[in-house]
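Just so it is clear: chains get the letters A, B, ... in the order the sequence lines come, proteins before strands, and each one is counted from 1. Hydrogens, waters and symmetry mates are skipped; everything else that's a heavy atom, side chains included, is used.
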Amino acid sequence: MTKNKATASLDFIRKVVKKDNETGKYDNRVQTRFPPEPNGYLHIGHAKAICLDFDIAEENNGKCNLRFDDTNPLKEEQEYLDSIKRDVSWLGYKWDKLCFASDYFEQLYEYAIQLIQKGKAYVDSLSEEEIREYRGTVTEAGKPSPYRARSIEENLKLFKKMKNGEFEEGEHVLRAKIDMSSPNMKMRDPLIYRIRYAEHYRTGDEWCIYPMYDFTHCLSDSIEQITHSLCTLEFENNRELYDWFLDELEVYHPQQIEFARLNINYTILSKRKLAKLVKDGYVEGWDDPRMPTLSGLRRRGYTPEAIKSFIGKIGVAKKESIVDFALLEHCIRDDLNTRAPRKMGVLEPLKVVITNYPEDKTEELEAVNNPEDPSAGKRKVPFSREIYIERSDFMEDPPKKFWRLGPGREVRLRWAYFIKCHDFVKDEAGNIKEIHCTYDPATKGGSAPDGRKVKATLHWVSVPHAKNVEVHLYDRLFNTIDPYDVEEGEDFTSNLNPDSLKVLENCTVEPSLEDAKPGYICQFERKGYFCVDTEDSTPGNPVFNRIVPLRDQWKRIQKRQEHERRMKKQQQRKKNKK
RNA sequence: UGGGAUGUAGUCUAAAGGCAGGACAGUGGAUUCUGGUUCCACCGGUGAAGGUUCGAUUCCUUCCAUCCCAGCCA
């Protein structure tokens with residue numbers, strides 16, 4: 001592992017850190033921080049930032065703080081704070097210090113006063129709208145506020161009054177005095193403090209003025225002696241301001257480095273948009289198993305290992321990119337393949353009667369728990385005259401390349417016997433109701449002494465021993481590769497996939513699963529990986545979430561066959577027209 | 001049309017003047033008591049045009065495309 005890290009090429013941020021260590025820029029110290037605002041739940045995009053911040057610190061014997069950037073009392077809540085701590089811990093990271101920007105309010109206030117005293121900040125009394133007008137546009141310079149020339153003494157007096165609650169919200173703000181004609185909009189006298197008579201979830205009503213992000217963030221970094229302040233690309237324009245505050249106040253100066261945020265196709269990674277899905281009831285909550293939130297992925301059955309492996313594979317760069325969802329699926333399959341015990345579960349049961357098997361007989365057959373892991377051992381699975389198989393594993397009139405059961409065909413029942421279909425029964429509507437087979441007693445365990453082969457192996461569950469369970473099949477939350485690609489007048493919710501959740505109530509699983517505990521993960525052989533839901537399950541009645549289906553060659557062949565059939569029809573139609 | 005950034009296979013990411021490499025996806029094959037896994041092979045790329053150079057993904061010029069900035073959000 002260490003060897004790999006030494007030889008593997010580093011991403012551009014790790015290169016900077018390495019160079020800084022070589023030149024002794026920060027005395028070989030590496031201190032990072034993960035700085036979320038507690039205004040929503042973390043999603044997998046945050047996992048990228050978390051892994052970067054914590055891993056880079058650890059790789060360099062440094063530390064990483066968890067810091068809540070909680071300067072906006074209108075949006076922040078204790079619930080979000082708790083969820084963020086839970087999610088970071090779940091990923092397996094231990095923060096050094098737990099910090100809050102709100103713990104720095106007093107110090108920040110002092111810094112603001114210093115800035116005023118230096119003549120680098122002033123109280124502006126323009127209205128919100130006027131400030132916007134005076135700011136100019138990206139192509140036109142702004143103009144100075146008439147209050148820009150206030151004396152230091154007046155600014156000091158006014159700012160203290162702001163703090164003491166002597167003004168209404170919006171009456172005054174504190175602004176940095178920089179350059180109203182700067183080509184960088186962020187430098188046109190940015191706001192430092194605004195008045196808010198709102199209850200802060202941590203400081204209550206102690207303050208009625210709250211510092212803005214640009215002022216707070218760089219100084220928080222400075223206070224915590226951060227060396228490398230990693231953030232996403234949209235803050236590139238803010239870096240000039242970040243540096244300005246620290247230089248003007250002549251304090252310890254970390255460096256901000258920006259990287260591209262994570263995007264994944266078929267999903268949205270925006271706290272605000274995800275909040276809308278929750279608030280408007282499109283999903284059950286922040287932890288709905290279809291959500292790309294860490295809590296949603298956790299409930300779905302994704303492991304921290306899979307998520308970290310995914311983050312490792314996507315790399316770190318400045319290019320904005322959209323990662324294929326298939327890569328995430330690959331990572332969870334790859335992780336679970338080696339660890340998840342195999343079980344048999346029939347999602348859409350079809351009864352099979354084995355006509356030559358004694359009616360009152362039951363056998364306990366030995367099944368391997370995980371072919372990838374011999375140490376997982378074996379278990380006994382009950383077998384009897386009547387079993388369930390998957391409805392899709394039988395076809396009355398099998399097409400080409402369908403290897404499974406059909407009239408006159410022989411297949412293997414996993415860990416059991418070869419069975420051969422000799423009859424089937426239909427109901428009045430013409431649906432297959434049950435099928436009749438004979439078994440070959442000589443094939444017990446799954447192989448024939450005469451060496452004959454079968455093309456297919458089916459999973460099954462013994463009818464009298466079957467445990468009835470509910471299964472939730474999840475599909476992608478959005479139908480379109482880019483959920484934001486919408487018709488005019490519509491928003492991303494119009495791209496929601498109406499079939500993202502399919503509830504199957506009559507599934508049947510082997511009896512060993514009856515007491516499966518919430519969070520338990522296994523593979524239903526030939527179907528996929530499943531996780532016992534932590535919310536909807538009750539003791540003795542587990543509800544299974546499908547984490548991800550297994551790769552399915554037959555499904556692909558089916559799709560191709562369908563496609564070919566359609567093309568043929570089209571050609572026929574063209575010929576007929578001619 | 002101001003400023004800041006970014007362009008390498010379908011997708012993500014390496015190579016920092018010297019054989020464009022890896023992963024995912026896709027395709028074909030081998031193995032297999034999971035149409036899973038594993039293994040092998042194939043597929044396919046430097047945004048464009050000039051220039052410097054023996055040699056350019058890399059340096060220079062011009063162009064093109066995309067993203068970010070006009071919250072009292074972060």
Novice: Please lay out, stage by stage, how A:Y242 and A:D214 fare under the test side chain to side chain donor-acceptor pair (under 3.5 Å).
Specialist: CA-CA 6 Å; A:Y242 183 104; A:D214 287 299; over 6 Å; no
Novice: Could you tell me the separation between the CG atom of A:N65 and the OG1 atom of A:T32, rounded to the nearest 0.5 Å?
Specialist: 7.5 Å
Novice: From the set B:G4, B:A23, B:G2, return the single nucleotide nearest to any side-chain atom of A:M185.
Specialist: B:G2
Novice: Is the distance between the ring centroids of A:Y302 and A:F310 less than 6.0 Å?
Specialist: no
Novice: Compute the centroid of each ring, for A:F105 and then for A:H200, and state whether the two points are separated by less than 6.0 Å.
Specialist: yes
Novice: Between A:F68 and A:F100, does the ring centre distance come in under 6.0 Å?
Specialist: yes
Novice: Checking contacts here: which listed nucleotide (B:A5, B:G2, B:C12) is nearest the side-chain heavy atoms of A:R239?
Specialist: B:A5
Novice: Counting only side-chain heavy atoms from C-beta out, which of B:G35, B:U38, B:A74 sits nearest to A:W403?
Specialist: B:G35
Novice: Encode nucleotides 13-19 of chain B as B, S and - characters from 5' to 3', where the letter depends on protein heavy atoms closer than 4.0 Å: B to the base, S only to sugar-phosphate, - to neither.
Specialist: SSS----
Novice: Side chain of A:V173 only, please: which of B:C68, B:C72, B:G35 is the nearest?
Specialist: B:C72
Novice: Taking the ring centre of each residue, are A:Y266 and A:F478 less than 6.0 Å apart?
Specialist: no
Novice: What contact category does A:I557 fall into here, base, sugar-phosphate, or nothing, at under 4.0 angstrom with non-hydrogen atoms?
Specialist: base
Novice: Using a cut-off of strictly less than 4.0 Å, decide whether A:R194 has a side-chain nitrogen or oxygen near OP1 or OP2 of B:C73.
Specialist: yes
Novice: Describe the nucleic acid contact of A:R414 in one word from base, sugar-phosphate, nothing, applying a heavy-atom distance below 4.0 Å.
Specialist: base
Novice: Is there any protein nitrogen or oxygen under 3.5 Å from a nitrogen or oxygen in nucleotides 26-30 of chain B, and what are the pairs?
Specialist:
residue	atom	partner	partner atom	Å
B:G26	OP2	A:R551	NH2	3.2
B:U27	OP2	A:R556	NH1	3.3

Novice: Looking only at the aromatic ring of each residue, does the gap between the centers of A:Y122 and A:F159 stay below 6.0 angstrom?
Specialist: no
Novice: Contact class for A:T216 (heavy atom, under 4.0 Å): base, sugar-phosphate, or nothing?
Specialist: nothing
Novice: Go through RNA chain B and write down every stem, that is, every run of at least three consecutive Watson-Crick or G-U wobble pairs with distances under 3.5 Å, as range with range.
Specialist: B:2-7 with B:64-69, B:10-13 with B:21-24, B:26-30 with B:38-42, B:47-51 with B:59-63
Novice: Ignoring hydrogens and angles, does a donor from either the side chain of A:E372 or the base of B:G36 sit under 3.5 Å from an acceptor on the other?
Specialist: yes
Novice: Ring centres of A:F245 and A:F215 under 6.0 Å apart?
Specialist: yes
